[in-house]
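Side-chain atoms are counted along with the backbone in the values below, which use heavy atoms only and exclude waters and symmetry mates.
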Amino acid sequence: MSFPRANILISGAGIAGLTLAFWLERFGFAPTLVEKRPDRFDEGYMIDFYGSGYDVAEKMGLLDPLRDRHYPIPTLQFVDDRGRPTSEMNVERFRALLDYRHFNFMRGDLEAVLFEAVAGRVSIHQGTTITSLENRPDGVAVRLSDGREAEFDLVVGADGIHSHVRRLVWGPENRFERFLGYTVAGGIIENFLDRQDAFYSHLAPGLQASVYSIRGGRLATFFAFKSDERLTGGRERQIEVLQTRFGNQGWIVPDLVEATCRAPRFFFDAVSQIELTPWSTGRVALVGDACQCLTLLAGQGASMAMAGAYLLADALRAQKDDFAAAFQAYEARLKPEIDRRQVEARKLASSFVPDSRFSIWLMGLFLRAAFLPGFRTLFRRQIGAGSLFAGDPAFSRPD
């Protein structure tokens, strides 16, 4: 097999999968994407985008379209049961801390920009999944949900924390999931607030409810709460849990819950990490949350997914026809950093959902001190601001 122009099937056209497809095509491979979603209108939730992912996006030439989608949020304001401000974070000072190499946008905005970057260059099959695969010495035999059968040189699972490829090859999700004791939910609703630049968060022991303005006269909601067990069940059960946990809160939280429960775009999931070794077996590998999930609360998942996708593609380019060595090099470069960041993310999760009034007060105190000279380095380290590619001359060279 001649590795340039190798046929590589990527399962999942999310952030990791689209980034991987971009770089594989750039490096002379022939990637094919399959994505179970039939459309591309899942906006998701607001993310902070910085660090390694920002560097990769810059190398891809995508900063201008990402800048166009950036939300210039002035302040994240924390409010009490009556909607009175208790503390705040100046978002512009936060961006300055990151040398303005930072954007706020919806997760779906990043996906849309990546999709546009590969559309027409990479074969993409939406509404399609892998139903079975056979990892052979000379290729991977794949059957797709549309009935087609094909053989690929390599298969990469970039299909998220609930990866179907991982389940087919490595086994059930519960073998690799570390549940952190929190659940998150949210949706897109009509904007019934007066402000078009609202970004509010309400905290109570074990609960967080946030709301922020997005384009089109809409609001995005986000709820996080402490839970002793991984909650299961369909949407009706999820709505019942959300109403029970937040229905008696103050401010406008009950209104946000009711509107979210009626929203056509609704998500509800456990806060978990994936701990898996190795990240490849035979001709099948994993990338992004399928193997390196930090958790949604860590705020680094999109950035590290792009970093992982670039490193995998670059390792395949560097190793030429030795895919096994490429898989090993990719994991050796990235996994120690993921392991470290997963530990930090577990510590950080409790600051997003403080478990007592005292913890909420401490969080406000920390926010007030975070931008002081003595605390800036600590704050940057806590949010994972460091880039994997800082000072890497190989990354800086043109491709």
Side-chain angles (χ1 to χ4, degrees), residues 14-15 37-50 57 62-86 88-92 94-95 100 102-116 119 126 184-203 207-225 235 238-239 242-243 245-247 249-269 296-297 299 302 352:
I15 292 167
R37 291 174 295 178
D39 57 45
R40 303 213 53 80
F41 299 104
D42 188 4
E43 289 169 290
Y45 46 88
M46 187 78 74
I47 62 173
D48 287 290
F49 186 67
Y50 55 87
L62 299 180
L63 291 190
D64 283 345
L66 290 175
R67 188 174 292 108
D68 290 342
R69 292 173 180 263
H70 168 68
Y71 283 94
I73 300 165
T75 304
L76 165 58
Q77 197 165 79
F78 294 87
V79 299
D80 63 14
D81 288 342
R82 297 183 181 180
R84 298 173 300 190
T86 58
E88 65 179 32
M89 186 177 78
N90 186 307
V91 178
E92 279 304 297
F94 178 79
R95 298 188 73 223
Y100 292 99
H102 166 278
F103 295 125
N104 285 119
F105 40 57
M106 301 296 282
R107 187 180 177 91
D109 287 328
L110 177 56
E111 280 192 8
V113 169
L114 291 169
F115 186 86
E116 291 162 7
Q126 293 181 231
V184 293
I188 308 297
I189 64 176
E190 290 186 8
N191 191 344
F192 60 86
L193 302 177
D194 293 333
R195 292 179 55 182
Q196 297 302 311
D197 60 351
F199 200 161
Y200 298 116
S201 187
H202 173 72
L203 298 174
L207 303 172
Q208 180 203 133
S210 297
V211 60
Y212 37 94
S213 305
I214 62 173
R215 297 179 186 94
R218 299 169 300 160
L219 298 172
T221 61
F222 180 81
F223 304 93
F225 58 95
R235 179 159 177 173
Q238 294 168 357
I239 288 173
L242 203 58
Q243 290 172 332
R245 294 298 182 99
F246 290 90
Q249 291 299 304
W251 188 46
I252 59 171
V253 173
D255 296 329
L256 295 175
V257 169
E258 289 306 311
T260 300
C261 291
R262 296 191 304 269
R265 300 281 177 178
F266 173 87
F267 70 87
F268 185 103
D269 206 354
L296 180 152
L297 294 181
F352 280 91

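Counting all heavy atoms, side chain and backbone alike, M106 lies closest to Y212 at SD-CE1, 4.0 Å. Nearest heavy atoms, L110 versus A302: CD2-CB, 3.9 Å. Across all their heavy atoms, L219 and E190 have their closest contact at CD1-O, 3.7 Å. Across all their heavy atoms, P254 and G250 have their closest contact at CD-O, 3.8 Å. In terms of heavy atoms, P38 sits closest to Q126 at O-NE2, 3.4 Å. Between F267 and G44, the closest heavy-atom pair is CE2-O, 4.4 Å.
Ring-plane geometry between H102 and F94 is classed as perpendicular, the angle between the planes exceeding 60 degrees on a 0 to 90 degree scale with a lower cut at 30. Taking the six-membered ring where the residue is Trp, Y200 and W251 present perpendicular rings, their angle passing 60° and hence far from 30°.
A heavy-atom distance below 4.5 Å is not found between the side chains of F268 and R235. The shortest side-chain heavy-atom distance between R67 and F105 does not fall under the 4.5 Å cut-off. Inter-residue side-chain proximity for D48 and N104 is flagged as met; some heavy-atom pair is nearer than 4.5 Å. Side-chain contact between M46 and F222 is absent, with no heavy atoms from C-beta onward closer than 4.5 Å.
Screening V211, T260, L207 for a side chain to side chain contact (heavy atoms under 4.5 Å, CB included) involving F223 leaves a single residue, T260. Considering R265, R215, R107, R218 in turn, R218 is the only one that fulfils the side-chain hydrogen bond (donor to acceptor under 3.5 Å, both in side chains) rule with E43. Of the residues listed (L242, T221, I188), the one engaging F266 in a side chain to side chain contact (heavy atoms under 4.5 Å, CB included) is L242, and it is the only one.
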Check step by step if side-chain contact (heavy atoms from CB on, under 4.5 Å) holds for V184 and Y45. CA-CA 11 Å; V184 293; Y45 46 88; over 6 Å; no

Chi angles and distances behind the side-chain contact (heavy atoms from CB on, under 4.5 Å) call for L256, H202: CA-CA 11 Å; L256 295 175; H202 173 72; over 6 Å; no

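Using modelled atom types, no side-chain atom of R95 and backbone atom of N90 make a donor-acceptor pair closer than 3.5 Å. Formation of a donor-acceptor pair under 3.5 Å by the Q77 side chain with backbone atoms of P85 is not found in this model.
Annotation: the span from L66 atom CG to F103 atom CZ amounts to 6.0 Å, rounded to 0.5 Å. Note that the CG atom of D255 and the CG atom of L193 stand 9.5 Å from one another [nearest 0.5 Å]. Remark: L203 CG to S210 OG distance equals 7.0 Å, nearest 0.5 Å. One finds the CG atom of L62 at 11.5 Å from the CG atom of D68 (value rounded to the nearest 0.5 Å).
More than 12 non-hydrogen atoms from other residues, nucleotides or ligands lie less than 6.0 angstrom from CD of E92.
Sequence neighbours left out, the pairs with a member in residues 75-84 that pass salt bridge (charged side-chain N to carboxylate O under 4.0 Å, His left out) are D80-R84.
Taking Y71 as the reference, nothing meets the ring-ring contact (aromatic ring centres under 6.0 Å, His included) condition, with sequence neighbours excluded.
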